[in-house]
Amino acid sequence: MSASPKRWRAAAIATAALLAVSLAPAATAEPAPGVPVQLLSITDLHGYFGEYTTTVPGSRAGEPAKTVGGGAYLASHLKRLRAPQNSVLFSAGDDFSGWPSETAWFWNEPTIEYLNMIGVQFSTVGNHEIDRKPAYLEHMMKGTCRGRPDRDLCFTDSTGQRFQGADFDYYSANVIKEATGRPLVEPYHVRQVDDGRGGTLPVGFIHATTTHTPEEQLSYWPNELKFLPEVETINRYAEELRGRGVQAIVAVVHEGFSQANGAGYNDCTAPFGPLADMNEQISPAVDAIVGGHWHALVNCMLPDPAGDPRPVVEAANHGRLINEIDLELDPVTGDVRRDRTKSVSHANTRDVAPDPEVQRMAKYWKDRLPARGDQQVATVTGDLTRTSGTDEESTLGNVTADAFLWAANKDGQADLAVAMPGILLRDIPFAPKPANPADAPGRVLFSELVFGTVYENGIGPAVVRGTVTGEKLDELIESQWQRGADGAVAYRHMAVSGNVSYTYDPDAPLGQHVDLKKIRINGKPVKAGREYRIATLANNFFARNATPGFTALFEARNQDRSSYSGADALWRYLEARSPVRPPKLDRVRPAPGNRPA
């Protein structure tokens with residue numbers, strides 16, 4: 001039976017309507033709301049949590065400079081900036097081994113108390129985190145009392161508690177233990193963020209430390225640690241994270257870059273430097289790169305190798321800036337929506353109320369400085385002086401070389417030690433300071449010896465040992481006579497340990513002042529082809545930061561690092577040998593017939 005005209009017309013209308021709908025352009029669907037993740041970072045704090053004032057340029061080129069600084073203000077800004085959901089606060093390294101006395105005099109434990117107080121959730125190992133033995137980093141992380149030869153650790157903090165270490169972990173993927181081939185600390189970690197729907201999404205953080213660390217005189221590691229290439233290591237772990245289903249990945253790299261002079265801290269004008277170069281090679285799987293090390297102020301969105309922009313930032317140093325990167329994650333895939341990424345740096349201005357708890361904590365440590373500085377560390381029976389400078393043998397130079405040899409033989413073996421010209425700063429007098437009632441004749445105070453007096457800072461390069469031939473030793477000694485740009489030859493005295501002696505001809509041609517056969521170690525003549533273990537400060541074993549003109553140790557074999565820094569060595573040697581008698585000035589003498597009348 002055929003359909004009625006009415007029914008046919010109704011069917012036709014319905015078909016036409018359906019066809020019209022199917023042919024109409026589809027409406028653009030809005031993506032599902034994303035999951036916000038806020039990354040707040042600081043870098044290169046170096047222990048500047050106390051009262052500290054400095055400046056930064058304006059946010060953009062041409063804007064006026066701003067007064068910034070101080071840990072109490074930094075804490076207040078962080079509280080103000082933190083998002084209520086999925087906010088992550090971290091450091092890009094070099095948190096400690098800084099030089100403010102209120103932290104340096106207590107081996108940087110106060111800095112860890114501060115970072116705990118402001119809520120840092122993790123940090124990258126910077127070069128200064130490994131200025132001392134790996135056990136010292138372990139101490140900072142876990143509160144152990146190991147890691148320094150003097151066992152002078154675990155101070156009582158501002159809450160009255162014994163130091164317990166960081167409430168967070170340190171990471172680095174490319175710092176490797178030579179003995180095991182394994183990373184010194186964990187290479188990466190994954191944080192779960194709230195997706196707002198009752199579940200979580202993963203965000204991976206890969207960490208790396210500048211491979212230039214061994215070129216830093218405080219962090220020279222000729223043995224025990226090696227440093228893998230940053231880019232290669234980051235890319236390998238990025239692939240591993242992707243294999244684990246982690247789509248949002250951040251690289252935190254203690255390596256730096258900068259921009260053209262005159263730019264603002266939120267500008268990206270002609271960026272240059274290692275991190276900018278690395279960005280061109282770091283996998284597109286990495287969605288943001290946070291750097292440090294250069295103490296630079298730069299905030300970029302740079303294309304990754306696939307051409308997609310991503311933030312590459314460095315937020316200055318000493319708490320001057322806070323960088324904020326806002327990511328938006330796809331709620332289904334967990335990947336970062338790159339077109340929604342934002343990055344801005346905030347100045348640590350002093351126009352907010354300082355955090356009172358941080359002020360209290362900083363005052364506690366500063367108030368302890370006088371008692372700490374007045375601690376007796378040794379006694380002397382006479383002045384230890386540099387005499388007229390670096391052009392002659394001195395009691396201070398000799399005792400420093402003796403200290404280096406003593407330290408080198410505490411945990412290794414050395415035949416001799418030298419102290420290069422230019423490292424000693426102030427004399428250690430027998431007479432007390434009249435203005436300090438804690439001082440007394442012959443008494444050597446902590447404040448006199450360790451910080452700002454004998455060495456430029458409280459850490460100093462490590463004592464390093466290396467093997468050289470007698471011929472190279474002779475070359476090293478000859479290096480004391482150097483020809484200047486004007487053609488004149490100047491003498492720069494290098495102190496030798498007390499078991500070394502030699503004579504020299506002051507009028508001989510350059511390179512012929514010392515007869516190798518006249519050099520003696522423990523009373524025995526040095527032989528050209530024989531090998532000797534020599535100890536001195538780390539920087540003199542490589543070109544960067546070496547004492548100018550002294551190159552003979554650059555090829556020293558079997559180099560290894562003592563547990564002692566130069567400052568440690570001098571301090572503990574004087575302590576162990578106290579009371580210390582000024583050594584005789586008879587280790588280096590003009591040859592017979594060349595003595596002054």
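The first residue of the sequence shown is numbered 1, and numbering continues consecutively from there. All figures in this text were calculated on a predicted structure; none of them were measured in a lab.
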- All heavy atoms of I206 vs all of A173, minimum pair found to be CG2-CB, 4.5 Å
- Message: Please tell me whether H293 and H212 form a close aromatic pair, meaning their ring centres lie under 6.0 Å apart.
- Response: no
- Note on the structure: Shortest non-hydrogen pair, R581 vs T381, comes out as CA-OG1, 3.2 Å
- Message: Please tell me whether F257 and W294 form a close aromatic pair, meaning their ring centres lie under 6.0 Å apart.
- Response: no
- Should D95 and T111 be marked as a side chain to side chain donor-acceptor pair (under 3.5 Å) after you check the CA-CA gap, both sets of side-chain angles, and the distance that decides it? CA-CA 7 Å; D95 300 326; T111 298; over 6 Å; no
- Message: Quick check on the 6.0 Å ring-centre criterion: do H318 and Y52 meet it?
- Response: yes
- Task: Report yes if the side chains of T233 and R236 come closer than 4.5 Å at any heavy-atom pair, otherwise no.
- Result: yes
- Message: Could you check whether atom CD of E178 has more than 12 heavy atoms from other residues, nucleotides or ligands sitting under 6.0 Å from it?
- Response: yes
- Pick out which of L473, I477, V496, L405 makes a side-chain contact (heavy atoms from CB on, under 4.5 Å) with V418. V496
- Of all heavy-atom pairs linking G143 and C154, the shortest is O-SG, 4.0 Å
- Message: Main chain of T467, side chain of N558: is a donor-acceptor contact present, judged purely on distance under 3.5 Å?
- Response: no
- Item | N174 and S172: CA distance, side-chain angles, deciding distance, side chain to side chain donor-acceptor pair (under 3.5 Å) verdict | CA-CA 6 Å; N174 68 320; S172 181; 3.2 Å; yes
- Would you indicate whether the side-chain heavy atoms of V377 and L574 approach each other to under 4.5 Å? no
- Message: Keeping S578 on the side-chain end and T379 on the backbone end, is there a donor-acceptor pair under 3.5 Å?
- Response: yes
- Task: Would you check, one step at a time, whether the test salt bridge (Lys or Arg N to Asp or Glu O under 4.0 Å) holds for E224 with K133?
- Result: CA-CA 9 Å; E224 193 163 351; K133 286 284 187 178; 3.2 Å; yes
- If you measure from NE2 on H46 to CG on D44, what distance do you get to the nearest 0.5 Å? 4.0 Å
- Over-ring placement of R132 relative to W221, 6.0 Å and 45° cut-offs: no
- Message: Under a 3.5 Å distance rule, please check whether D439 uses its side chain to pair with a backbone N or O of K433 as donor and acceptor.
- Response: yes
- Message: Does any part of the side chain of T547, heavy atoms only, come nearer than 4.5 Å to the side chain of R492, both counted from C-beta?
- Response: yes
- Message: Keeping D374 on the side-chain end and A438 on the backbone end, is there a donor-acceptor pair under 3.5 Å?
- Response: no
- Query: Is a side-chain N or O of D505 found less than 3.5 angstrom from the main chain of D507, in a donor-acceptor match?
  - Reply: yes
- Query: Can you list the steps and then say if V463 with T536 is a side chain to side chain contact (heavy atoms under 4.5 Å, CB included)?
  - Reply: CA-CA 5 Å; V463 174; T536 190; over 6 Å; no
- Given the rule in the salt bridge (Lys or Arg N to Asp or Glu O under 4.0 Å) test, do R587 and D402 qualify, once you have shown the distances and angles that lead to the verdict? CA-CA 12 Å; R587 302 175 187 183; D402 291 343; 2.8 Å; yes
- Query: Where is the tightest heavy-atom contact between N409 and A414, given as atom of each residue plus distance?
  - Reply: OD1-N, 2.8 Å
- Report yes or no: does E230 contribute a side-chain atom to a donor-acceptor pair with the main-chain N or O of H254 at less than 3.5 Å? no
- Query: Between the side chain of E531 and the main-chain N/O of V468, is any donor-acceptor distance below 3.5 Å?
  - Reply: no
- What do you reckon, are the aromatic ring centroids of Y220 and F542 less than 6.0 Å apart? yes
- Message: Would you compute the distance between atom CG of L297 and atom CD of E314 and round it to the nearest 0.5 angstrom?
- Response: 8.0 Å
- Item | Over all atoms of both residues, closest heavy-atom pair of A403 and A569 | CB-O, 3.7 Å
- Go through the steps to decide whether T385 and D383 satisfy the test side chain to side chain donor-acceptor pair (under 3.5 Å), and finish with yes or no. CA-CA 6 Å; T385 66; D383 294 340; over 6 Å; no
- V252 and Y188: CA distance, side-chain angles, deciding distance, side chain to side chain contact (heavy atoms under 4.5 Å, CB included) verdict: CA-CA 10 Å; V252 190; Y188 68 82; over 6 Å; no
- Fit a plane to each ring of Y491 and Y504, take the angle between them on a 0 to 90° scale, and name the class: parallel (under 30°), tilted (30 to 60°) or perpendicular (over 60°). parallel
- Give a yes or no answer on whether the side chain of D94 reaches the backbone of H128 with a donor-acceptor pair at less than 3.5 Å. yes
- Are the side chain of Y532 and the backbone of K527 linked by a donor-acceptor contact shorter than 3.5 Å? yes
- Query: Is the closest side-chain heavy-atom distance between P110 and F49 below 4.5 Å?
  - Reply: yes
- Task: For residues A417 and A401, report the shortest heavy-atom separation together with the two atoms involved.
- Result: CB-O, 3.4 Å
- Look at atom CZ of R372 and say whether more than 12 heavy atoms of other residues, nucleotides or ligands are closer to it than 6.0 Å. yes
- T213 and its side-chain contact (heavy atoms from CB on, under 4.5 Å) partner, picked from V125, L225, N127: N127
- Take F168 and F122 through the test ring pair (Phe, Tyr, Trp, His ring centres under 6.0 Å) and record every step on the way to the result. CA-CA 5 Å; F168 54 91; F122 55 85; 8.9 Å; no
- Ring-ring centroid check W571 F446, cutoff 6.0 Å: yes
- Would a line drawn from the ring center of W406 to the ring center of Y564 be shorter than 6.0 Å? yes
- Task: Determine whether P421 and H493 make a side-chain contact, defined as any pair of heavy atoms from C-beta on separated by less than 4.5 Å.
- Result: no
- Item | Salt-bridge contact E216-R544 (side-chain N to carboxylate O under 4.0 Å) | yes
- F155-F163 aromatic ring centre distance below 6.0 Å: no
- Taking C-beta and beyond as the side chain, do Q413 and R465 meet within less than 4.5 Å on heavy atoms? no
- Does the side chain to side chain donor-acceptor pair (under 3.5 Å) test come out yes or no for N398 and E393, once each step is laid out? CA-CA 7 Å; N398 284 356; E393 190 176 5; 2.9 Å; yes
- Message: I'd like to know if the side chain of R386 reaches the main chain of L396, judged simply by a donor and an acceptor atom lying under 3.5 Å from each other, with no hydrogens or angles considered.
- Response: no
- Query: Parallel, tilted or perpendicular: which describes the rings of H513 and W481, with under 30° parallel and over 60° perpendicular?
  - Reply: parallel
- Message: With a 4.5 Å cut-off on side-chain heavy atoms, are F404 and S497 touching?
- Response: no
- Beyond-backbone contact of L137 with P134, side-chain heavy atoms, under 4.5 angstrom: no
